[in-house]
J.: 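Next up is a structure, given as C-alpha cells.
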Amino acid sequence: MVIFDPILAVLELIVDIYFKIVVVQIVIYWLMHFKILEPTNKYALKTVELLDKATTPVYNKIKSKIPTEFSGIDFAPFILLIAVYFVERLINSLRILIS
C-alpha cells in the first residue's frame, strides 16, 4: 500500500491549502467590514476576487442544500471549514491506517 501514501499526502496538502484559502477570505472580509482594510484598496479587491473564484461555487452548493444565513450572518464559510477539516482528518486517518 506504499503507492497510496503519496497520493493521500498530496490530497491532504490540497485540502489544507483550501482550508487556508477559506480562512484568509474570512479574515479579509472581516478586515474590510471593520474598516481596517479599505474596501477600495486595489490589492485587497484583487485578492478577494481571486478567493471568491475558489470558494463561491462551493458556498453556492452549501447554500442550495441548507439555509446558511441567520440574522444577516452567512455561516456558509464556517460550514465549509468544518467540512474541509473533517475531510482532512479523514485523509490523515486513511494514511495512518494504510501505513
J.: Is there side-chain contact between Val22 and Val84, with at least one heavy-atom pair below 4.5 Å?
T.: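 Answer no - side chains too far apart.
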J.: Check whether more than 12 heavy atoms from other residues, nucleotides or ligands sit under 6.0 Å from atom CZ of Phe78, and answer yes or no.
T.: yes
J.: Can you establish whether the number of heavy atoms outside Phe70 located under 6.0 Å from its atom CZ is more than 12?
T.: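 Enclosed: over 12 neighbouring heavy atoms sit under 6.0 Å from CZ of Phe70.
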J.: Restricting to non-hydrogen atoms, name the atom on Ile62 and the atom on Ala76 that form the minimum distance, rounded to 0.1 Å.
T.: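 Minimum heavy-atom contact is CD1-O, 3.9 Å.
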J.: Could you state the interatomic distance from OG1 (Thr47) to CD (Glu49), rounded to the nearest 0.5 Å?
T.: 9.5 Å
J.: Would you say the side chains of Tyr59 and Gln25 form a donor-acceptor pair under 3.5 Å?
T.: yes
J.: In this structure, would Ile14 and Ile98 fall into the same cluster of hydrophobic residues linked by side-chain contacts under 4.5 Å?
T.: no
J.: Using the rule that Ile, Leu, Val, Met, Phe, Trp and Tyr join whenever any side-chain heavy atoms are under 4.5 Å apart, tell me whether Val23 and Ile26 fall into a single cluster.
T.: yes
J.: As an exercise, state the distance from CD1 of Ile21 to CG of Asp52, rounded to the nearest 0.5 Å.
T.: 12.0 Å
J.: If we check side-chain contact (heavy atoms from CB on, under 4.5 Å) with Leu8, which of these qualifies: Asn92, Ile91, Leu97?
T.: Ile91
J.: Any side-chain heavy-atom pair from Lys63 and Asp74 closer than 4.5 angstrom?
T.: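 Sidechains of Asp74 and Lys63: in contact.
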J.: Do you reckon Ile36 sits in the same ILVMFWY cluster as Tyr43, going by side-chain contacts under 4.5 Å, direct or chained?
T.: no
J.: Could you tell me if the side chain of Met32 sits less than 4.5 Å from the side chain of Leu45, heavy atoms only?
T.: yes
J.: Going hydrophobic residue to hydrophobic residue with side-chain gaps under 4.5 angstrom, can you get from Val27 over to Val48?
T.: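 Val27 and Val48: one cluster.
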J.: According to a hydrophobic-cluster definition based on side-chain heavy atoms being under 4.5 Å apart (Ile, Leu, Val, Met, Phe, Trp, Tyr only), do Tyr85 and Phe75 belong together?
T.: yes
J.: So, the side chain of Ser64 versus the backbone of Lys61: is there a donor-acceptor pair under 3.5 Å, distance only?
T.: yes
J.: Rounded at 0.5 Å granularity, tell me how far CD in Glu12 sits from CG in Leu94.
T.: 10.0 Å
J.: Find the distance between OG1 (Thr68) and CG (Leu80) and round it off to the nearest 0.5 Å.
T.: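 The distance works out to 11.0 Å.
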J.: Could you please spell out the steps behind the side-chain contact (heavy atoms from CB on, under 4.5 Å) verdict for Tyr18 and Thr55?
T.: CA-CA 9 Å; Tyr18 195 74; Thr55 57; 3.9 Å; yes
J.: Could you give the distance from CG (Leu81) to CD (Glu88), rounded to the nearest 0.5 Å?
T.: 11.0 Å
